[in-house]
Participant: 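Before I ask anything, let me first share the structure, which is written out below as C-alpha cells.
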Amino acid sequence: AYYLKRISKGWIFRTFPGPWEAYLEKPDGSCELMTSFKTKPKLGEVAKMVREESFKRYAIFNDRYAKGFGERL
C-alpha cells in the first residue's frame, strides 16, 4: 500500500511499511527527498517546511510555470 499527497511545493509519500518522506519539487519539475519521518507528520507543518526550503533555494524561480521553467501549454 502507498500514500501520496500533494503539498505546497512538494509531496508527502509513504510505501507501507516504510517511513514517511517529504519531497521538495524543484522548478524543473524533478523532486528531491528532503527528510523522512517514522510516524505520520502533520501535513501543515511539513508543507511549511518544504515551502520555506523552496523559497530559500529558488526564490524568484520558485514558480514552476514561469517562462523557461516548463510553462503551461
Participant: Is the distance between the ring centroids of Phe13 and Trp20 less than 6.0 Å?
Facilitator: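 No, the ring centres sit 6.0 Å or more apart.
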Participant: For a 4.5 angstrom cut-off between non-hydrogen side-chain atoms, does Pro19 reach Phe37?
Facilitator: no
Participant: Quick one: do the Glu21 and Tyr23 side chains pair a donor with an acceptor below 3.5 Å?
Facilitator: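 Note: Glu21 and Tyr23 side chains meet the donor-acceptor criterion.
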Participant: Are Lys40 and Tyr3 side-chain neighbours, meaning at least one heavy-atom pair lies under 4.5 Å?
Facilitator: yes
Participant: Transitively linked via ILVMFWY side-chain contacts under 4.5 Å: Met49 with Leu43?
Facilitator: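 Yes, Met49 connects to Leu43 through the hydrophobic network.
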Participant: Please examine the side chains of Leu4 and Arg14, heavy atoms only from C-beta on, and report whether any two atoms are closer than 4.5 Å.
Facilitator: no
Participant: How many angstroms lie between atom CD of Glu25 and atom CE of Met34, to the nearest 0.5 angstrom?
Facilitator: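 Between atom CD of Glu25 and atom CE of Met34 there are 13.5 Å.
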Participant: Are side-chain heavy atoms of Tyr58 and Leu24 found at a separation under 4.5 Å?
Facilitator: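 In short, these two side chains touch, coming nearer than 4.5 Å.
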Participant: If you take all heavy atoms of Val50 and Ala22, which pair is closest and at what distance?
Facilitator: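 Looks like CG2-CB, 4.3 Å.
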Participant: Regarding Lys48 and Glu45, does a basic nitrogen lie under 4.0 Å from an acidic carboxylate oxygen?
Facilitator: no
Participant: Where is the tightest heavy-atom contact between Val46 and Pro41, given as atom of each residue plus distance?
Facilitator: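 That closest heavy-atom pairing would be CG2-CB, 3.4 Å.
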Participant: Look at Arg57 together with Glu32 and state whether they make a salt bridge at an N to O cut-off of under 4.0 Å.
Facilitator: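 Salt bridge: yes.
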Participant: Hydrophobic clustering (ILVMFWY, side-chain heavy atoms < 4.5 Å, transitive) - are Ile12 and Leu33 grouped together?
Facilitator: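 No, Leu33 and Ile12 fall in different hydrophobic clusters.
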